[in-house]
There are 2 protein chains.
Amino acid sequence: MALDKIDRKILTLLQKDATMPVAEIGRKVGLSTTPCWRRIQKMEEDGVIQRRVAVLDPAKVNVGVTVFVSVKTNEHNEAWMRKFAGVIDEFPEVVEFYRMSGDVDYLMRVVVPDIGAYDSFYKKLISKINLTDVSSAFAMGQIKYTTALPLDFAIVVDDDK
Amino acid sequence: MALDKIDRKILTLLQKDATMPVAEIGRKVGLSTTPCWRRIQKMEEDGVIQRRVAVLDPAKVNVGVTVFVSVKTNEHNEAWMRKFAGVIDEFPEVVEFYRMSGDVDYLMRVVVPDIGAYDSFYKKLISKINLTDVSSAFAMGQIKYTTALPLDFAIVVDDDK
DNA sequence: GCCACTCACGCAAGATTATTGCGGAAATAC
DNA sequence: GTATTTCCGCAATAATCTTGCGTGAGTGGC
């Protein structure tokens, strides 16, 4: 599961553009097609590469507005958390959901077309599960968004090159 | 740029798995290869599909910890914002960055291996740009994360089927 | 030092998939 | 009713993926 310099180069390329032919990737990392393909294959088996997906333009599919929703609760137990998670899973508007430390207990990122749609979402949400303290923060603009994770921290065995 | 039911089906599939052969997508949406391929092609040209990327496992590349960083500032002007954006662009640890309304002015999501690495990031950040009020919230766990946007709001022309 | 072993590489062939050319049917315009 | 447009599907071609096989570098045992 350790990655060398070539693996990381491959991942950097695939995180930007997963349509690139293996032959071209190989050329860019200084490898012929076969060993490059085998490396990619192995990283998929190992789960380093989880999947390949199409990324859409939020505005073009009419979900240009992002809202961050903070939730505080008194229900601090596993069962409630699972129920909450189950409810959230049913909402495709919620694209990220975290259990937090500190002030708020849960944080989610919601994408909607506009304020009105957010209100609909909100009402639907509180009808499915009882939430004591909810607060919403609207994003005025997305300055940066990337699915590419930094590879500077990845575990390495030999890093001579 | 309007999408009909078939387009949305195609997008749903591609948002889950962009490696699926066009022939199979066609079969699933009730279309032969060629028209299905042309639809995908058109949606790429129109920018609805922005790109196809590989999604990695955060834990496997050693960035299992997410931190949300809230920033308040007194500098409410375009120039400063651009500078800030430029600085953030240089940090691969910052995977999302939003300009917010309300209490905080900016919100970013940062991925790191652990608390120590976050501290390094934090010190590096404040050395690059002067920030008055910064507060960090650590995620204890990622309950949901998807790159798939909801298509329920997409603009539609004819929706007979 | 030499042999056996493993591992990663590259070439070349075969299998899949993407892409294009062409012709036909359904919907729309006039 | 006819012309035009649009979308479909078949079949051929081009590109890419995937596998089989042989080679050389590096490693450990002796």
Side-chain angles (χ1 to χ4, degrees), chain A residues 1-57 60-61 147-148 151 154-161, chain B residues 1-57 60-61 147-148 151 154-161:
Chain A
M1 209 189 78
L3 306 171
D4 66 4
K5 191 147 193 170
I6 293 179
D7 288 327
R8 279 175 289 154
K9 266 193 188 177
I10 293 172
L11 291 177
T12 300
L13 293 169
L14 285 180
Q15 284 195 117
K16 277 191 198 163
D17 177 12
T19 67
M20 190 179 294
V22 182
E24 188 180 344
I25 297 173
R27 194 175 48 71
K28 293 203 181 193
V29 304
L31 228 53
S32 84
T33 315
T34 305
C36 186
W37 181 82
R38 283 194 217 276
R39 280 166 179 264
I40 294 169
Q41 202 68 9
K42 184 174 186 313
M43 291 192 284
E44 281 174 350
E45 281 167 14
D46 292 348
V48 176
I49 298 173
Q50 281 187 330
R51 57 192 190 283
R52 292 147 186 257
V53 302
V55 176
L56 309 187
D57 183 333
K60 297 265 170 70
V61 294
T147 55
L151 298 174
I155 308 297
V156 174
V157 267
D158 56 348
D159 208 11
D160 41 5
K161 311 199 67 178
Chain B
M1 209 188 78
L3 307 171
D4 66 5
K5 190 148 193 168
I6 293 179
D7 288 326
R8 278 176 290 153
K9 266 192 186 177
I10 293 172
L11 290 178
T12 300
L13 292 170
L14 285 180
Q15 283 195 119
K16 277 190 198 164
D17 177 11
T19 67
M20 191 180 293
V22 181
E24 188 180 344
I25 297 173
R27 194 175 47 72
K28 293 202 180 193
V29 303
L31 228 53
S32 83
T33 315
T34 304
C36 185
W37 181 82
R38 283 193 217 277
R39 279 166 180 264
I40 294 170
Q41 203 68 7
K42 184 175 186 313
M43 292 192 283
E44 281 173 350
E45 281 166 15
D46 293 348
V48 176
I49 298 173
Q50 281 187 331
R51 56 193 190 284
R52 293 149 185 256
V53 301
V55 176
L56 310 188
D57 182 333
K60 296 265 171 70
V61 294
T147 54
L151 298 174
I155 308 298
V156 175
V157 267
D158 58 346
D159 208 11
D160 42 4
K161 313 199 65 179

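Numbered from 1 within each chain, the chains take letters A, B, ... in sequence-line order.
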> If every non-hydrogen atom of Arg39(B) is compared with every non-hydrogen atom of Asp7(B), which pair is closest and at what distance?
Replying inline: NH1-OD1, 2.9 Å
> Taking Leu13(A) as the fixed residue, which of Arg8(A), Lys28(A), Glu24(A) is the one that meets the side-chain contact (heavy atoms from CB on, under 4.5 Å) rule?
Replying inline: Lys28(A)
>> Under the side-chain contact (heavy atoms from CB on, under 4.5 Å) test against Leu3(B), which residue among Ile155(B), Leu11(B), Val156(B) passes?
In response: Leu11(B)
>> Could you tell me the boundaries of the chain B footprint on DNA chain C, defined by atoms under 4.0 Å from its heavy atoms?
In response: dT17(C) to dC22(C)
> Is the closest side-chain heavy-atom distance between Met43(B) and Leu14(B) below 4.5 Å?
Replying inline: no
>> Going by side-chain contact (heavy atoms from CB on, under 4.5 Å), name the residues that satisfy it together with Glu44(B), two or more places apart in sequence or in a different chain.
In response: Ile40(B), Gln41(B), Ile49(B), Arg52(B)
>> Let me confirm one number: the CG-CD1 distance from Asp4(A) to Ile10(A), rounded to the nearest 0.5 Å.
In response: 8.0 Å
> For the residue pair Leu31(A) and Pro35(A), what are the closest heavy atoms and their distance?
Replying inline: CG-CG, 3.9 Å
> Salt bridge check: are Asp17(B) and Arg51(A) linked by an N-O gap of less than 4.0 Å?
Replying inline: no
> Could you write nucleotides 4-11 of chain D as a row of B, S and -, 5' to 3', where a protein heavy atom under 4.0 Å of any base atom gives B, of only sugar-phosphate atoms gives S, and otherwise -?
Replying inline: ----SBBB
> Rounded to the nearest Å, what distance is computed from the CH2 atom of residue Trp37(A) to the C1' atom of nucleotide dT16(D)?
Replying inline: 12 Å
> Taking five pairs at each end, how big is the angle between the two axes of the helix from dG1(C)-dC30(D) to dC30(C)-dG1(D), to 10°?
Replying inline: 30°
>> Give me the atom names and distance for the closest heavy-atom approach of Ala54(B) to Ala18(A).
In response: N-CB, 3.7 Å
> Closest approach of Gly47(A) and Asp57(B), non-hydrogen atoms and distance?
Replying inline: O-CB, 3.3 Å
>> For Lys42(A), give me all partners under side-chain hydrogen bond (donor to acceptor under 3.5 Å, both in side chains), at least two apart in sequence or on another chain.
In response: Asp46(A)
> Which residues, if any, of residues 12-28 of chain B bring a heavy atom under 4.0 Å of DNA chain C?
Replying inline: Pro21(B), Val22(B)
